[in-house]
Each structure stands twice: as structure tokens, then as C-alpha cells.
Peer 1: 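First, the structure itself, so that you have it in front of you.
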Amino acid sequence: MGLVAHTPAMRLIWITRFAFPSPSGLNSMRLSRYFMPILRETPKEAEIVSHRLMLRAGMIRQESAGIYAWLPLGLRVLNKINDVIREEQNRAGAIELLMPTMQSADLWRESGRYDAYGKEMLRIKDRHERDMLFGPTNEEMITEIFRGYVRSYKDLPLNLYHIQWKFRDEVRPRFGVMRSREFLMKDAYSFDLDAEGARHSYNKMFTAYLRTFARLGLKAIPMRADTGPIGGNLSHEFIILASTGESEVFCHNDFLSMDTPPANIDFDDRAVMQGVFDTWTGKYAATSEMHDAAAFGALAESDKVSARGIEVGHIFYFGTKYSDAMKAVVNGPDGKEVAVQMGSYGIGPSRLVAALIEANHDDNGVIWPEAIAPFRVGIANLKVGDAATDAACNDLYAKLGKAGVDVLYDDRDDRPGAKFATMDLIGLPHQIIVGPKSLAEGRVEVKNRRTGAREMLSPDEALNKLGA
RNA sequence: CGGGGUAUAGCGCAGUCUGGUAGCGCGGAAGUUUUGGGUACUUCAGGUCGUAGGUUCGAAUCCUGCUACCCCGACCA
């Protein structure tokens, strides 16, 4: 592709893009022009509520077992989750890059995991009969990148992450994107000179994870975990409590009321980070694999929480497991080569979409937390074609959009009941209901999806209330 | 990977036992009606019945192989 002259039109595109307040460039939409294939009936294969609602709301479409297309509404949520994750990763000092999905088998032969990983790894041959694979994780590749450039301890600490599709050929994918074969993962990898530094890196990610899940409106509890095929000796899973969770968890009641570390916490202060870690690991919390019935039994009855949970994040400190095998070494201050200390830190954004629905729904549909709603506001025009309601809705739509509020305007020529049902199903936090009767009295109805609270306001008051 | 099941219109299903050339509800299109919680009616469009082969005058239906998908269990972000 050759060079392209910068026309005035192109400049406008850039200005517009940077002018948008949302990092993903999301914006408003008219439902009549959108692609949101909602289903009135529940598809039979969907067993759990999040899967049912994602299919009904037109967020995903299954293409193969455990492989999903993300339709526009679902993609918006996924992108908003990614935005929150990015902000918190960046805040904690991690740096984003992007590695490919396809990897060479040779890399995995170096670490010894090509044979060890088993049938979950999708193995492919290219046209030259070279062994390739679709990455189930990226420890090998990031280590290869690291060793290609970093030679000195002065370049440490370093934490690199990406948000990329993974493939794990699960024996039995199920529950929609909760356990799919292809899934999106944010995976970060830390490199440090020594164990103390690595411990600090671990604590920083630990803190970033607490903040990330809290911002998504989730109460995530860190629990000591098995390290599995990643290896290592220190590992925590972040579990949110949900009745449809796949694993059984046990924890102290205090976790439900602990304060999330603030945004301005000093990530560079080792003592502060260790303090966060100590606070959040000081009480009993374990999944069933790591459960110590005696220790749990020693708690007061009122402190015991026994529930089901969904794993939404998993962090590992594994020392020199990969740096030894793959010779990722730096020169230390003493001039001697040492293998770097590593950790890896994963969050599954695609699973989080489902987990968020599990934690936020009612009989009528999804109830999105503000931070990740596909649109923050929905406008329902109850009588399309009526001059007054059309004008009022157009005005609300334009002004909210201008103020940077993501709006979905239901301008379809449809029954009011259908619009109410649609709005509730897709779960936008705020609904502005514009009907001819109340509009004749200068009022629109503003409904809060979560509380169900309804207010009759003037259009200006409604705009003001919703941040425009 | 063990066990069980399903495959017929975009979705949910009937028809298969007993072979005769495919039907219902929802959804879609056109229209009338209705207008604050999925309105009612009329008309229309849409299916080589998962796939390959076999039996038969004739196969969605009977037989054989294959594939895909789902569910239960053991494993995982």
C-alpha cells in the first residue's frame, strides 16, 4: 500500500475520533438501523441464564461447539470490559503489545510444554508441514520476545500484556462464552531480577485485579489456587460468587465488605502493595480443590460463606520455570547472568461478559452495570410517527449523543409493549420513555433498570439527570 | 474421554412406529386494526427433511456408513 495524501476529510475523521470520550470510539445508534437480532423464544441449548440472555439479546451467535461470533451488542460490552482492564493494567505499570494467535511448535518444544500440554492444544500444520499451534497461552512467546531484546537488569522490572484470542480445545465446551474453546484473554507477563521484585510485581497485578473487578461492579475474592499446567508456587484465582458458578468456594464473610484499593494508591511502594495483598489474603478463602475443612470449620458460623463461584482471573508466580528453559537471562549489577523471575496474570474478558450477566439480571433480562453497559441510555419512542414524540426523541437523542452519552434510540414502528420488553431484555441502565400522553403534559418517564424506579421529568430535567 | 440424546423453514416443534412427495406456533413481508408492558385478523414468502449410499414403482419415514450439535459425568481463563 502506498502513501495516501492527508485530505481534509481524513483530518476530520481523526479529529472526530479523538473527540469521542469513549476509548473504544463507541457512540449512539438508532435501533431501526442497528444490527441487534433479538430472539423472543429461548434457544433450547442454553442452560444457564447468561447464555440464554446473550442469545436472546443478540449478543453472540454460536458458529461451532465452543466458538462464537460476537454480534454488535455483545462486542460493545466486550470492548468496554477491555477498556476497564486496560486502564487498570496501565495504571499498575503494565505495557500493552499484541502477540499473534498462531505460534510455532518449536517455541513450545523449548519449554517442554509441546508434549506436556496435551490435547487441549490445537495443533496445526502449515503448507510446509511445519508444526504450528493456536496459542492457548503465551508464556513461551513472551519469553522469546523478552530474551530477544532485554540484556540488563536496568531494563527491569518489565510487565507486558496483551488482549488476544486464545484457543483451548476443551473436551466439553458449555455455558456459552463461559466455557468456550475460543475465548478472549488479557494475559500479562512480569519480568524481575529477583524474587522480591517478582513478589512486588505479583502484588501490583493482585491490586490491579481487585480494582478491575470492583470497577466492573463485581465482588471478586482472591483465593489460593492450584497452579496447573502453568506451573509455579504462588497463585491466586479471583472468584466472584454466583449461584450458577462452576466451582464450590469457601470464604470468610469479611471479604464481602472489604474496601477496594483506591485509584491513586502507590503501585511503586512495595510496602503498600504488600499491605493490600496481606489484607486480601489474611482471611480464609479457598476453592474446593484447596479447601481446608478444619481451618474453615474453625471460623465462627456467622463468618462462614459457602457458595458457588466463577473464576474470572488467575495469577501466577512461577520464578524461572520458563526463563531457565528458554534462557531468558539478564546481566545483574554484579555482571553475572541470571535467569529472570517471571509471573503471568490472566483475565478472561469474554467469560466476564457472561459472569457479569450471571451477577446482574432479573426475569426480564440483563441489568448492566453502568461501566460496561453497551449503551448507557435507551430512548423508547412509544408512538413513532407522532410529530411530538418524534421531535422529543430526536432532540433527546441528539443532545445525549453530543454530550458523549452512548444512547440506543428505539425508533422502530412497534408496539410499546415490545419496546419495553426489548429495553428490559438488553438491560440498558437508564430508559427514557417518550409517549404521547405524558409528553402532552411536558413529561417523559425516566426508568432505572436496576431499581425499577420511575420518574416523570421534563425532557431538560431528564437530560440533566443523565449527564447531558 | 466414558455414558445418553438430537438433526424437518430464521427460532421452537409435529409428522417417522404403519413409506404415497411436508405441517403448526413464533419470527419475516404486505395490508387492515391497535397505540403505555410482546394487539388481533387477512394474505404472502420461506424447507433438495444434516450428509453419503442402499431397499422400493415411490423414502422425512425402512437399512447402513459418516458428520455436526446438545445433555450428564471426569478436566480447565
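Chain naming here is simple, since letters A, B, ... match the order of the sequence lines and numbering starts at 1 in each. Side-chain atoms are counted along with the backbone in the values below, which use heavy atoms only and exclude waters and symmetry mates.
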Peer 1: With sugar-phosphate meaning primed atoms plus P, OP1 and OP2, does A/L382 contact a base, only sugar-phosphate, or nothing at under 4.0 Å between heavy atoms?
Peer 2: base

Peer 1: Which part of the nucleic acid, if any, lies within contact of A/S180, taking any heavy atom under 4.0 Å across all strands shown: a base, the sugar-phosphate backbone alone, or nothing?
Peer 2: base

Peer 1: With centres under 5.5 Å and planes under 30°, do A/F183 and B/A77 count as stacked?
Peer 2: yes

Peer 1: Taking atom types as modelled, find out whether A/Q274 and A/N203 have a side-chain donor-acceptor pair closer than 3.5 angstrom.
Peer 2: yes

Peer 1: With a 3.5 angstrom cut-off on both distances, give the Watson-Crick or G-U wobble partner of B/U51, or none if there isn't one.
Peer 2: B/G65

Peer 1: Cationic tip of A/R123 within the cone over A/Y114's six-membered ring, i.e. under 6.0 Å and within 45° of the normal?
Peer 2: yes

Peer 1: What interatomic distance, in whole Å, is found between P of B/G27 and the corresponding atom of B/G12?
Peer 2: 15 Å

Peer 1: Once you apply the 3.5 Å cut-off to both distances, tell me the Watson-Crick or G-U wobble partner of B/A29, or none.
Peer 2: B/U43

Peer 1: Base, sugar-phosphate, or nothing for A/S350, non-hydrogen atoms under 4.0 angstrom?
Peer 2: nothing

Peer 1: Would you mind pulling out the nucleotide paired to B/A77, Watson-Crick or G-U wobble, both distances under 3.5 Å?
Peer 2: none

Peer 1: Considering only atom C1', compute the distance from B/A77 to B/G65 and round it to an integer number of Å.
Peer 2: 39 Å

Peer 1: Looking for any heavy atom pair under 4.0 Å, which part of the strands does A/R56 touch: base, sugar-phosphate only, or nothing?
Peer 2: base

Peer 1: For A/F134 and A/K166, which heavy atoms make the closest approach, and how far apart are they?
Peer 2: CE2-C, 3.8 Å

Peer 1: For atom C1', what is the distance between B/C24 and B/A14, given to the nearest Å?
Peer 2: 7 Å

Peer 1: With sugar-phosphate meaning primed atoms plus P, OP1 and OP2, does A/D187 contact a base, only sugar-phosphate, or nothing at under 4.0 Å between heavy atoms?
Peer 2: nothing

Peer 1: Quantified in whole Å, what is the C1' atom distance between nucleotide B/C1 and nucleotide B/G37?
Peer 2: 49 Å

Peer 1: Which pair of heavy atoms, one from A/M185 and one from A/P349, lies closest together, and at what distance?
Peer 2: CA-CD, 3.7 Å

Peer 1: Give one of base, sugar-phosphate or nothing for A/K186, where a contact means two heavy atoms less than 4.0 Å apart.
Peer 2: nothing

Peer 1: If we take the C1' atom in both B/G15 and B/C62, what is their distance in whole Å?
Peer 2: 16 Å

Peer 1: For nucleotides 23-28 of chain B, which of its nitrogen or oxygen atoms have a protein nitrogen or oxygen under 3.5 Å away, and what is each distance?
Peer 2:
{"from": "B/G25", "atom 1": "N2", "to": "A/E41", "atom 2": "OE2", "distance (Å)": "3.2"}
{"from": "B/C26", "atom 1": "O2'", "to": "A/E41", "atom 2": "OE2", "distance (Å)": "3.4"}
{"from": "B/G27", "atom 1": "OP1", "to": "A/R40", "atom 2": "NH1", "distance (Å)": "2.6"}

Peer 1: Roughly how many Å apart are B/C66 and B/A7, using the C1' atom of each and rounding to a whole number?
Peer 2: 14 Å

Peer 1: Check step by step if ring-ring contact (aromatic ring centres under 6.0 Å, His included) holds for A/Y34 and A/F375.
Peer 2: CA-CA 13 Å; A/Y34 200 38; A/F375 298 90; 5.7 Å; yes

Peer 1: Which whole number of Å gives the distance between the C1' atom of B/A22 and that of B/U48?
Peer 2: 13 Å

Peer 1: How do A/A421 and A/Q62 order along RNA chain B: which one's closest nucleotide is nearer the 5' end?
Peer 2: A/A421

Peer 1: Test of understanding: with side chain to side chain contact (heavy atoms under 4.5 Å, CB included), list the residues that count as partners of A/N464, not counting sequence neighbours.
Peer 2: none

Peer 1: Contact class for A/R454 vs. all strands (heavy atom < 4.0 Å): base, sugar-phosphate, or nothing?
Peer 2: base

Peer 1: Remember a base hit wins even if backbone is also touched, and classify A/M178 as base, sugar-phosphate or nothing at under 4.0 Å, heavy atoms.
Peer 2: base

Peer 1: Tell me which nucleotide, if any, is Watson-Crick or G-U wobble paired with B/U21 when both distances must be under 3.5 Å.
Peer 2: none

Peer 1: What contact category does A/A65 fall into here, base, sugar-phosphate, or nothing, at under 4.0 angstrom with non-hydrogen atoms?
Peer 2: sugar-phosphate

Peer 1: Distance check, C1' atoms only: B/C26 and B/A40, in whole angstrom units.
Peer 2: 15 Å

Peer 1: So which nucleotide does B/A59 pair with, by the Watson-Crick or G-U wobble rule with both distances under 3.5 Å?
Peer 2: none

Peer 1: Please work out which of the three classes, parallel, tilted or perpendicular, describes the rings of A/F316 and A/H314, given edges at 30° and 60°.
Peer 2: parallel

Peer 1: Does the side chain of A/L400 come within less than 4.5 Å of A/R376's, by heavy atoms?
Peer 2: no

Peer 1: If you compare every side-chain N and O of A/K383 against the phosphate oxygens of B/G36 (OP1, OP2), does one of them come in below 4.0 Å?
Peer 2: no

Peer 1: Would you mind classifying the nucleic acid contact of A/G346 as base, sugar-phosphate or nothing, using non-hydrogen atoms under 4.0 angstrom?
Peer 2: nothing

